[in-house]
Participant: 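My questions will all concern the structure given below.
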Amino acid sequence: MNKKDTWRVGILFSTSGVTSIIEQSQLNGALLAIDEINAKGGVHGKAIEPVSYDPGSVVKKYGELAEKLIVEDKILVIFGCYMSSSRKEVLPIVERRNALFFYPTLYEGFEYSPNVMYGGATPNQNSVPLANYLMETYGKRIYFVGSDYIYPRESNRVMRNVLRQGGGEVVGEEYVPLNAGIARFKSIIANIERTKPDAIFSTVVGQSCINFYSAYHKTLGNGIERPISSLTTNEAEIAEIGVEAAEGHITAAPYFRSIRSESNKRFLESYKAKFGTIVDVTSCCEAAYCQVHMFARALAECGESDTDALREALLGMTFQAPQGEIKIDPDNNHTYLQSRIGVVDSQGEFKIKTKVRHMIKPDPYLVNPEINDWSLRAQKIGGD
Ligand code: ACM
């Protein structure tokens with residue numbers, strides 16, 4: 001393959017700073033997909049070439065580096081971002097320059113851009129099944145703890161409404177800075193001890209998520225009796241928290257490393273062959289992997305890296321992902337996804353307790369009646 005003549009794509013995931021654990025896993029997912037595509041001859045005989053910058057988990061940097069990719073490097077396809085605040089920096093830049101931005105992260109919803117492909121879950125795909133599970137399994141009194149930025153505050157607003165619809169109650173709501181250390185959680189844990197909620201809903205992200213679970217364990221034990229539930233806490237973070245502290249805690253996500261399926265087996269084998277370990281395979285890593293593969297299929301169909309043509313090819317596309325079948329919704333650029341609930345077992349692995357039977361249509365504005373449709377309740381499946 002001629003190395004000079006490549007399809008260059010921009011990559012903006014942080015390998016340093018507070019969200020680097022999860023963003024490194026997203027970077028790995030994207031790079032793995034690129035390797036797989038190139039190993040099969042690339043697209044129309046040309047390799048995909050990643051041009052990757054590290055924004056250092058600094059929100060403003062994502063916008064600056066998106067501008068650099070587009071203006072200096074002349075690249076119009078970008079994969080990147082974990083925190084919603086960083087996505088909000090990139091958004092006006094890709095819109096102004098008509099670039100195509102792939103965002104492989106769950107988020108709070110209430111957004112649409114023709115220049116963004118949203119690959120992570122929206123609240124109807126993860127908050128609704130989680131609220132049902134918590135209220136059925138543990139009780140209706142839930143305590144919210146979050147990092148202080150847009151995703152936790154908006155995600156909590158949606159979660160509060162969902163819980164209320166099911167007769168639940170929010171008994172506390174607190175926010176911590178993104179760089180919160182263990183000591184910052186002391187008063188919150190005292191409040192939890194005093195309030196005695198049935199479960200916690202955590203939107204604490206990055207390194208401070210590890211600090212929160214560790215602080216919780218020191219005073220209140222693991223999650224078997226009173227779990228911390230989350231939409232973000234993932235395999236890589238559980239490995240850092242350690243099994244003793246993490247057992248019993250809950251995450252709702254489209255993908256878990258522990259899914260037993262042929263497509264996931266192939267994905268994990270391929271990941272291990274490239275990176276030597278699967279310890280940091282997460283749902284956001286899988287989302288990045290899927291989005292790169294879907295982009296390559298669209299590129300093969302179009303034969304040119306043109307934003308408008310690629311968008312047309314992507315809308316409605318289905319893909320057999322490690323999580324199961326997914327599809328880009330032509331109504332809103334978000335993705336139909338699977339929905340599962342995993343509980344950390346005594347080996348530190350997410351044991352999948354329930355799964356919704358079909359991929360769920362994304363409803364970023366929560367306009368459809370599904371929010372009231374308790375058939376979204378996850379089915380107990382004993383497994384995959
Ligand atoms: C997030 O900030 N969307 C996790």
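When a ligand or atom number is given, it counts from 1 through the structure's own listing order.
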Participant: Side chain or backbone of Tyr151 under 4.0 Å from ligand 1, or both, or neither, by non-hydrogen atoms?
Facilitator: side chain

Participant: Quick check on the 6.0 Å ring-centre criterion: do Tyr289 and His293 meet it?
Facilitator: yes

Participant: Less than 3.5 Å apart, which donor and acceptor atoms pair up between the side chains of residues 244-253 and the rest of the protein, not counting sequence neighbours?
Facilitator:
unit_1	atom_1	unit_2	atom_2	d
His249	ND1	Ile228	N	2.9
His249	NE2	Ala245	O	3.3
Thr251	OG1	Thr233	O	2.8

Participant: Identify the protein heavy atom lying closest to atom 3 (N) of ligand 1, giving its residue, its atom name and the separation to 0.1 Å.
Facilitator: Leu106 O, 2.8 Å

Participant: Please check whether Tyr103 reaches ligand 1 - meaning an N/O of the residue sits under 3.5 Å from an N/O of the ligand, judged on distance alone.
Facilitator: yes

Participant: Which protein non-hydrogen atom lies closest to atom 2 (O) of ligand 1, naming both residue and atom, and how far is it?
Facilitator: Tyr149 OH, 2.6 Å

Participant: Please report whether ligand 1 has a polar contact with Arg87, defined as an N or O pair separated by less than 3.5 Å (distance criterion only).
Facilitator: no

Participant: Kindly indicate whether a cation-pi arrangement holds for Arg226 with Tyr143, taking the cut-offs as under 6.0 Å to the six-membered ring centre and within 45° of the axis.
Facilitator: no

Participant: Quick one: ring-ring contact (aromatic ring centres under 6.0 Å, His included) pairs with a partner in residues 65-100, sequence neighbours left out?
Facilitator: Phe79-Phe102, Phe79-Phe295

Participant: Using a 4.0 Å cutoff against the non-hydrogen atoms of Tyr107, which atoms of ligand 1 qualify?
Facilitator: 3 (N)

Participant: For Glu108 and Arg153: C-alpha separation, side-chain torsions, deciding distance, then whether salt bridge (Lys or Arg N to Asp or Glu O under 4.0 Å) applies.
Facilitator: CA-CA 9 Å; Glu108 62 281 358; Arg153 287 190 179 271; over 6 Å; no

